[in-house]
Amino acid sequence: MAVTTGISSSVESVYAEVQQFYARHMHLLDAGDGEGWALTFTEDGSFAPPSLPEPVVGRDALAEGVNKAAAALTEAGEVHRHLLSMVAVEHGADGELSVRSYAQIIATPRGGSPRLHLMCVCDDVLVRVDGELKVRERRVTRDDRQP
Amino acid sequence: MAVTTGISSSVESVYAEVQQFYARHMHLLDAGDGEGWALTFTEDGSFAPPSLPEPVVGRDALAEGVNKAAAALTEAGEVHRHLLSMVAVEHGADGELSVRSYAQIIATPRGGSPRLHLMCVCDDVLVRVDGELKVRERRVTRDDRQP
Amino acid sequence: MAVTTGISSSVESVYAEVQQFYARHMHLLDAGDGEGWALTFTEDGSFAPPSLPEPVVGRDALAEGVNKAAAALTEAGEVHRHLLSMVAVEHGADGELSVRSYAQIIATPRGGSPRLHLMCVCDDVLVRVDGELKVRERRVTRDDRQP
């Protein structure tokens, strides 16, 4: 896999690596694979979603949140997809990446029409652990709750 | 064009090439250019859409399907756009690529508002023919028909 | 930033650079930063939007248009996001790039649900100025006004 072959040689190749990282990351999330998804965060990774007053911290808590949400969606007969786009990568000190992107969440009920459920902005800090990109920090804001 | 300049030198450059391939592939599809679109499949390429019991196989059949659909859309005064996102590329043996992506289909009636028509998952096998990427096999599943 | 590090070494690395360029470009637009957005055009850059009979030409006019639109959206309590996808890059003479993409415009009212406001096709000519990509010419067509 791309992310394990070592240090990428250019800013442009990192960009492709980030896109590929997000694709797998969201496939895991939307498949309801909480443990697999949590592994794409650092061990102490944090996720501040708009729906909670405090960030979710650590892989166990991250996995649990996804598994619970997936069970609720299955119960409701609905599929959710997370589509990141307009990914802007800033290179910081120590190889840290600050990434801003847009996130569409598409919901489709079984036998029904898809709808645009939420439009969000996602601000991530990505770092490398043993050569692989991981989310260390994520903050998400919803467009319907802009100040 | 990128795809004809020879063997790409890294996993990351192949990623950009795949994205560019899909952009042109979908522009041809949405323009109703059945023959042009069919050329982005291998000669024996197959496409298993959710709407049919059997895959469509071979360029003639692929082109015919697109041309018929385009005529029906023109008749109905509607434009469809196929937007692939969250593209995850796995490198297999012999340079074969397994690609999973999300596909939004957006429909816009003349003089009306666009709507999210279908949300799908697209699983492709891409291969190189004379240096150019081609779809050898495509399977599409609709989110409204998830088991 | 990637775009200032010099001439990119391959077609594939230019592709990532173009995507990154568009991400920042749309973040500036959607943040209502007219002046920042105008700087991503050439000094004589032109933008032919579907809503106007004549193109908007030059950075002052481009910035003014965005600032006015942003003020109107703030007044209306609505956030707009411009999402480009299916980006196809053609390399022309003198390093000029012709780029066709799809543009979804997503509108979210404060406290309400997001909606797909417009679906468009965007045709750009990008050029390099002091190593950085800039839009020299943009033409946008709306899917609801296809001939």
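Here is how names work: the chains are called A, B, and so on, in the same order as the sequence lines, proteins then strands, and each is numbered from 1. Because only heavy atoms are used, hydrogens play no part in the values below, and waters and symmetry mates are left out as well, while side chains stay in. Here the structure is a predicted model, which means the values were calculated and not measured.
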So which part of C:Arg142 gets closer than 4.5 Å to some heavy atom of chain B, the side chain, the backbone, both or neither? neither

Who are the salt bridge (Lys or Arg N to Asp or Glu O under 4.0 Å) partners of C:Asp124, not counting sequence neighbours? C:Arg138

Which pair of non-hydrogen atoms, one from C:Val89 and one from B:Arg24, has the smallest distance, and what is that distance? O-NH2, 3.1 Å

Near C:Arg59 CZ, under 6.0 Å, is it more than 12 heavy atoms from other residues, nucleotides or ligands? yes

Judged by atom type as modelled, is there a donor-acceptor pair below 3.5 Å linking the side chain of B:Arg115 to the main-chain atoms of C:Leu116? no

With sequence neighbours excluded, residues passing salt bridge (Lys or Arg N to Asp or Glu O under 4.0 Å) with B:Arg136: B:Glu96

Sequence neighbours excluded, which residues qualify as ring-ring contact (aromatic ring centres under 6.0 Å, His included) partners of B:Tyr102? A:His27

Crowded around C:Asp123 CG? As in, over 12 foreign heavy atoms under 6.0 Å? yes

Is a donor on one side and an acceptor on the other found under 3.5 Å between the side chain of B:Glu17 and the backbone of C:Glu12? no

Considering heavy atoms only, which positions within residues 72-88 of chain C lie below 4.5 Å of chain B? C:Ser85, C:Met86, C:Val87, C:Ala88

